[in-house]
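In what follows, a single structure is set out as structure tokens and then discussed.
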Amino acid sequence: MADDGAARQLDKEILSPKPGIQSPAEGGGDFQPRIVGFLCNWCSYAGADLAGVTRLKMPPSMVAIRVMCSSRVDPLFVLKAFLAGADGVLVAGCHPGDCHYQTGNYYTRRRFALTLKVLEELGLEANRVRLSWVSASEGGRFAEVVTEFTETIRKAGPNPAKTEVFL
Amino acid sequence: MHNARGTTHEAYCVEREALSMKQFQVPRPPDDALRDMLASLMDKGKVGGVFALAQTGENSYSYALITDKKLLDHIVPTLPLMPANAGKMVSRLTMLEPVKTPIAVIMRPCELRALFELVKLEQARLDNLLFISYTCGGVLEMKTAKDGLQLKLEEYWKQVKTGGVSEDMRDSCRVCENFVPTGADITLTLVGNDNGKQTTVQVNSEKGEEFLAGLSYELTEAGPELEALDSMRKKRAEQKPDVFGQFAAEELGMAGLTALFGRCIGCHACGRACPVCYCSSCHFEAAENEFDPSTLETELTNRGALRLPTGTLYYQIGRLFHVSISCVGCGMCSDVCPVDIPVASLFAKLAGSVQGMFGYVSGRDAEEKIPTSTFEMEELEEIGA
């Protein structure tokens, strides 16, 4: 799922309405954030796997999309998820210095700084977007990141893009 | 220290240095002086052609590459109109292979900067090009070409002489502080000069000097007219609240953006005209960006309605992500917008912030790397938690 298909997968499966998960704005009960996570194949995806295998507890709020490197994440992927109504978007990759491709995540970091800047300047909620470094051995850290981010988003409430009609 | 266009103090000094001390005067208006100079260069076989803005008919102007000396009287290099960003046009000429015979290219500072960005993006080459530019008083909207151009020109040149800002200029020119060309071989100092009678020509590089050697000009050591440049810089900075004010972050947000782009008809003309929006197969025009039936259903279920054409906001914000780092603030996008959305002002404002973050000014230097195509190991540690 590392190709442009990633964006397509977003449309088709992830953001389509699922019974049982509704925001208060949609007339549901407690707000359960929906987070789209772009996880690097070599570190964060393996870290997520480890968290699962270790049976660590974390909110079931994140849908993972595996990418071969965090630098594969075009800001457009983030934007697409954001406009489609994802309450949060997580990009996760190897720690700086540990990239499987040597330097990919350094580019990610610059690109992410740019992404945040543009969102801020446009008055969009940059706190709904997060970049985290999680290595393959850090199952615990992955669970922490997801838990923390879910709480941040829960406090921020549902993404207003979800209910904006003529987008 | 960064100002809103991202011009650092360092860049400001680079500009000052770009204006050399070697200059000569020609007792002719700039366009005539250039025609004479280029004709001599062609006579001597120093250049094989001239790329410049040309008058192609009544009320018709476009860029042209001219190789027949007899056609040189068509060129109007300093006429304040920009039918296309010349940087993009030169990219088209040089993308596949460099030009083989030397060509004199006359373009505005922002066009030169766009070309340098395109070189970094491997979309253009600089070999065999002699760059002639000028301190730029800005351009008028292209529609002026058929609508009272002569009347507006009088006021325009008056403002250029005194380092002022003309009302009829593109918004992006009103706030542009990068009007001194960097990277040109020869620079005409239009700002601060009475351009009706005489032209001051500066030689900025060895290449420029080589080309002009043997022509009947006498170089003198004299400084550029800095007073008018400072005045223009100050007056343009004063325009910023007027042009950028409407785009304060608190004014935008989801509601502000849908209102701002609510008129967008999705024609993508802004992207086509944009010099640094260079992909030949555009994601926003690809089949993968069309809504398939299941997406359509999802959207309708979630929102209860669907705006058509779809994805206009996605396109606009997406383009901001892609080009703000290289945006030169030329204003082509606003000029071609059929529904008058002030795209260029928004892009210029964000370009200032985004480039400022990296201390970068797009196209200032052809050798410099675009910040997103390079990195420092120790930086931005606050990003990535």
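Naming: A, B, ... by sequence-line order, numbering from 1 per chain.
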To check you understand the geometry: which heavy-atom pair defines the closest contact between [X] and [Y], and what is its length?
{"X": "Pro75(A)", "Y": "Phe321(B)", "answer": "CB-CG, 3.6 Å"}
{"X": "Leu124(A)", "Y": "Gly253(B)", "answer": "CD2-C, 3.9 Å"}
{"X": "Gly318(B)", "Y": "Leu79(A)", "answer": "N-CD2, 3.4 Å"}
{"X": "Ala84(A)", "Y": "Arg303(B)", "answer": "CA-NH2, 3.9 Å"}

Go through the atoms of [X] and report whether side chain, backbone, both or neither lie under 4.5 Å from a heavy atom of chain A.
{"X": "Leu308(B)", "result": "neither"}
{"X": "Phe261(B)", "result": "neither"}
{"X": "Leu257(B)", "result": "side chain"}
{"X": "Thr374(B)", "result": "both"}
{"X": "Glu376(B)", "result": "both"}

Flag the one option from [options] with the top tally of heavy-atom pairs under 4.5 Å to chain A.
{"options": "Gly311(B), Ala248(B), Gly262(B), Pro371(B)", "answer": "Pro371(B)"}
{"options": "Leu313(B), Leu320(B), Ile317(B)", "answer": "Ile317(B)"}
{"options": "Met377(B), Glu251(B), Glu250(B)", "answer": "Met377(B)"}

- Message: Report which part of Arg109(A) has an atom under 4.5 Å of a heavy atom belonging to chain B: side chain, backbone, both, or neither.
- Response: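 Backbone plus side chain of Arg109(A), per the 4.5 Å heavy-atom cut-off to chain B.
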- Query: Where does Pro96(A) contact chain B at under 4.5 Å (heavy atoms): side chain, backbone, both or neither?
  - Reply: neither
- Message: Would Asn289(B) and Lys80(A) count as a side chain to side chain contact (heavy atoms under 4.5 Å, CB included) here? Give the steps.
- Response: CA-CA 11 Å; Asn289(B) 200 37; Lys80(A) 185 129 193 168; 3.7 Å; yes
- Between Tyr107(A) and Phe375(B), what is the ring plane arrangement, given parallel below 30°, perpendicular above 60°, and tilted in between?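 Ring orientation of Tyr107(A) relative to Phe375(B): perpendicular.
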- Query: Which residues, numbered in order, of residues 142-154 of chain A come under 4.5 angstrom of chain B by heavy-atom distance?
  - Reply: none
Answer yes or no: are there more than 12 heavy-atom neighbours, outside [X] itself, under 6.0 Å from its atom [atom1]?
{"X": "Glu297(B)", "atom1": "CD", "result": "no"}
{"X": "Phe116(B)", "atom1": "CZ", "result": "yes"}
{"X": "Tyr101(A)", "atom1": "OH", "result": "yes"}

Hey, could you give me the [atom1]/[atom2] distance between [X] and [Y], rounded to the nearest 0.5 Å?
{"X": "Glu121(A)", "Y": "Ser324(B)", "atom1": "CD", "atom2": "OG", "answer": "9.5 Å"}
{"X": "Leu131(A)", "Y": "Glu382(B)", "atom1": "CG", "atom2": "CD", "answer": "11.0 Å"}
{"X": "Leu350(B)", "Y": "Glu120(A)", "atom1": "CG", "atom2": "CD", "answer": "10.5 Å"}
{"X": "Leu116(A)", "Y": "Leu380(B)", "atom1": "CG", "atom2": "CG", "answer": "10.0 Å"}

- Audit row: Phe82(A), Met254(B), side chain to side chain contact (heavy atoms under 4.5 Å, CB included) steps and yes/no: CA-CA 11 Å; Phe82(A) 190 84; Met254(B) 199 50 84; 3.8 Å; yes
- Return yes if a side-chain donor-acceptor contact under 3.5 Å exists between His283(B) and Asp74(A), otherwise no. no
- For Thr312(B) and Leu167(A), what are the C-alpha separation, side-chain angles and deciding distance, and is it a side chain to side chain contact (heavy atoms under 4.5 Å, CB included)? CA-CA 8 Å; Thr312(B) 41; Leu167(A) 205 60; over 6 Å; no
- Message: Could you check whether Arg110(A) pairs with Glu379(B) (Lys NZ or Arg NE/NH1/NH2 to Asp/Glu carboxylate O, under 4.0 Å)?
- Response: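 Here Arg110(A) pairs with Glu379(B) in a salt bridge, since their nearest N and O are under 4.0 Å apart.
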- Message: If we define contacts as heavy-atom pairs under 4.5 Å, which of His95(A), Glu164(A), Arg111(A), Arg130(A) has the most with chain B?
- Response: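 Greatest number of close heavy-atom pairs with chain B: Glu164(A).
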- Task: Applying side chain to side chain contact (heavy atoms under 4.5 Å, CB included), run through Phe284(B) and Leu76(A) and close with a yes or a no.
- Result: CA-CA 10 Å; Phe284(B) 299 107; Leu76(A) 288 184; 3.7 Å; yes
